[in-house]
Number of protein chains: 2
Amino acid sequence: MTGHKRLTQNDIAKLAGVSQATVSLVLNGAPTALARIPAETRERVQGVIRTTGYVADPIARRMAKGLNRILGVFTYEPAFPSAQADFFTPFLLGIEEEAQQQNYDLLLLTSAGVGNNRKIFSENNRLRIADGCLVLGREFDRKELARLVAEDYPFVAIGRRDDAGGPVPYVGGDYAAGTRQLVEEAVLLGHSKLAYVGPEGTAESIADRWRGFCSALGEGPKLALHVDAVNRPAGEIVDGIVSSGATAAFFIELADAVRVEAAARERGLVVPQDFSMVVLGSHIRAGRSPVRFTSYKIPREEMGRQATAMLVNRIETGSVGSQILLTCETVAGETLGPCPLYPAKKRQSTKRIQ
Amino acid sequence: MTGHKRLTQNDIAKLAGVSQATVSLVLNGAPTALARIPAETRERVQGVIRTTGYVADPIARRMAKGLNRILGVFTYEPAFPSAQADFFTPFLLGIEEEAQQQNYDLLLLTSAGVGNNRKIFSENNRLRIADGCLVLGREFDRKELARLVAEDYPFVAIGRRDDAGGPVPYVGGDYAAGTRQLVEEAVLLGHSKLAYVGPEGTAESIADRWRGFCSALGEGPKLALHVDAVNRPAGEIVDGIVSSGATAAFFIELADAVRVEAAARERGLVVPQDFSMVVLGSHIRAGRSPVRFTSYKIPREEMGRQATAMLVNRIETGSVGSQILLTCETVAGETLGPCPLYPAKKRQSTKRIQ
DNA sequence: CTGTCGTGCTAATACGTATTAGCGTTAATA
DNA sequence: TATTAACGCTAATACGTATTAGCACGACAG
């Protein structure tokens, strides 16, 4: 019982001495229809609207038109808790920017689900309140995705997604190419025995990095070590790298890289003089670590912007959406250096001098 | 032309061999009404619902019921651009958390306005799509606020607000008390000549700090210097503090404090040995500065949470809302020390030794 | 004078759900 | 057997807007 009585077109109509239909036409009639309403009447109606401050109820509007200029944003994890915030915020920045430009509002689908177990298709599916939906999160529920595809619901995923009973429209980062690029740079610097530190996850983002890594391996360099850093003490990983003979280590998680670098330093090892480190992706919190890791930049804002644009396009033109991968540019950093064994002599001497 | 044909209660009804009304009743009929539908029928209907995956259209629902479990979030500035992100994110975290708990979704009103000139009451006022609205931003449009109050629209402001043709429901931080507390601590440490560095703005948040500052002045300590730091070179401010004889400077903006501290160090001055510095409020980016300033903590998340709870309460019970100020606890920091003149001798010697 | 066309508007309906009043049938009661 | 009560459901309507079809009226042509 909110108590505030809404003004309706009927009220306006009575005040202006016309019918509800006329009010509606004055507000958003097609030019052809508007032409049939004389300026005098139009002005009278608009005068009443102005003085009363009437605005159409978007809900009723949506009922009638089917669209309401609202974009849903579904995240599989809460968007703002600080742990996630740094992950989601850049996306949201891009999304908000583009949405504002296109004059859409954003509906954050937060209540859909219980605790960590969020569902798009929950009991009270609010998805339909929006004209379409952006879906983001590290890992998607394949079934839900498949259902969205099957229903032909207008949505766009942020981040590459495998087909789910049909192609999934997305805007993602080209992690495979980014990763490959970094591996190639390492190879150019003489590295031939590499380490890969990261989980085996089924998520596309993880798989893409691994794929990019492998594709760069080709005939030349070899994978000397492959560890899943989860629950592995950093020291152990350092030992693994050293004993495997790997001279460059690639990390999925910045956090692991930070731990490993610290452990290496504790053992008197210097990066990149003793071995190189590369982080596969940009991480906001990077600023917190004193070390500027070599990595690539994930264009999160741009992903948000383009995904939003694609979604709006889907909604307004009925297009089916497409698959877009944005390139992730290399961030030089200071943890990727020449292979300490290959053109080694000079290096080692300078190292001693320093 | 999105093309995907929605399932409606009518479809379900036909499939289950009942009427649309029955479907609706099965879904959300009052217990008394439900009692009149035999279990067999109910199960048949729910079976169809399950196999088809039908979910009610929230828009139509809202049409019929008047409420849609959506909370609007209106920000006077875009919420995510990095400059603002650190300001808004904590609020949004609290809001999202509470909204999720109460099973409401959030509608970010981003499109309401052009560029920086956002308006709640724009041409296509989307506000009404939500059951109620949270309003946040550093500075509010008084007229719009007054209109919200006058219309009895269910909203809650985040941050204290002056009356606007009636009391404004809000959850704010008690900046006045927080500021007063810090001034008193400074006085206990012997400071008697204070500097106040910050704008004179009309915004409540600014005014409250100034009020708290003044209230602590009372008979004892005196305001030796009052500068608006905007467009003032930091060095000039340092000079002002020194020449005014002030021994403790209070800053509205962290950014100013950072600049001033740097300028002071350049001149060979040490904080807090030579003069103390206090920042009136917590600032996320504080982590970026190497100096841990003495200040107080603004409980932004809690403000978001409580404001959301109050709003939900307003919506669901029709209550009128209230005014809540949350205490801002002091953050010790390392920039507030004893007055260098009062118990001075010892201090100065230690300073020379270092 | 009849027919056609243009003008200025309105009636009617659709959108999908919630909800109330009430209908037809059967079972229980007097 | 007649009356009532309970049961199991449905018809009808409201919500506020957009939109189409078309009415009534006057002007103008033939």
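FYI, side chains are in, hydrogens and waters are out, and symmetry mates aren't considered; it's all heavy atoms of this structure. Below, read A as the first sequence line, B as the second, and so on, with proteins coming before strands; counting in each chain starts at 1.
Under the ring pair (Phe, Tyr, Trp, His ring centres under 6.0 Å) criterion, B/Phe91 pairs with B/Phe87, sequence neighbours left out. Partners of A/Arg161 according to the salt bridge (Lys or Arg N to Asp or Glu O under 4.0 Å) rule, which considers only residues two or more places apart in sequence or in another chain, are A/Glu204. B/Met310 is linked by a side-chain contact (heavy atoms from CB on, under 4.5 Å) to B/Val156, B/Pro169, B/Val171, B/Ser322, B/Ile324, counting only residues two or more places apart in sequence or in another chain.
Within the 4.5 Å cutoff, no side-chain heavy atoms of B/Gln306 are placed close to those of B/Ile158. Using a 4.5 Å cut-off on side-chain heavy atoms (C-beta onward), A/Val135 and A/Phe140 make contact. In this structure the side chain of B/Thr8 never reaches within 4.5 angstrom of the side chain of B/Asp57, judged on heavy atoms.
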### Message
As a quick check of understanding, evaluate salt bridge (Lys or Arg N to Asp or Glu O under 4.0 Å) for A/Arg314 and A/Asp152, giving each step before the final call.
### Response
CA-CA 11 Å; A/Arg314 264 197 93 171; A/Asp152 198 22; 3.7 Å; yes

### Message
Does B/Leu107 form a side-chain contact (heavy atoms from CB on, under 4.5 Å) with B/Leu71? I'd like the steps, not just the answer.
### Response
CA-CA 6 Å; B/Leu107 179 66; B/Leu71 302 182; over 6 Å; no

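In summary, A/Arg69 and A/Glu316 engage in a salt bridge, as defined by a charged side-chain N under 4.0 Å from a carboxylate O. Ionic pairing of A/Glu302 and A/Arg305 is present here: one or more N-O contacts between side-chain nitrogen and carboxylate oxygen are shorter than 4.0 angstrom.
Within residues 35-49 of chain A, the residues having any heavy atom closer than 4.0 Å to DNA chain C are, in order of number, A/Arg36, A/Pro38, A/Thr41.
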### Task
If a protein heavy atom is under 4.0 Å from the base, mark B; if only from the sugar-phosphate, S; if neither, -; do that for nucleotides 13-19 of chain C going 5' to 3'.
--BBBBB

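Axis angle across the helix from C/dC1-D/dG30 to C/dA30-D/dT1, with five pairs used at each end and values rounded to 10°: 80°.
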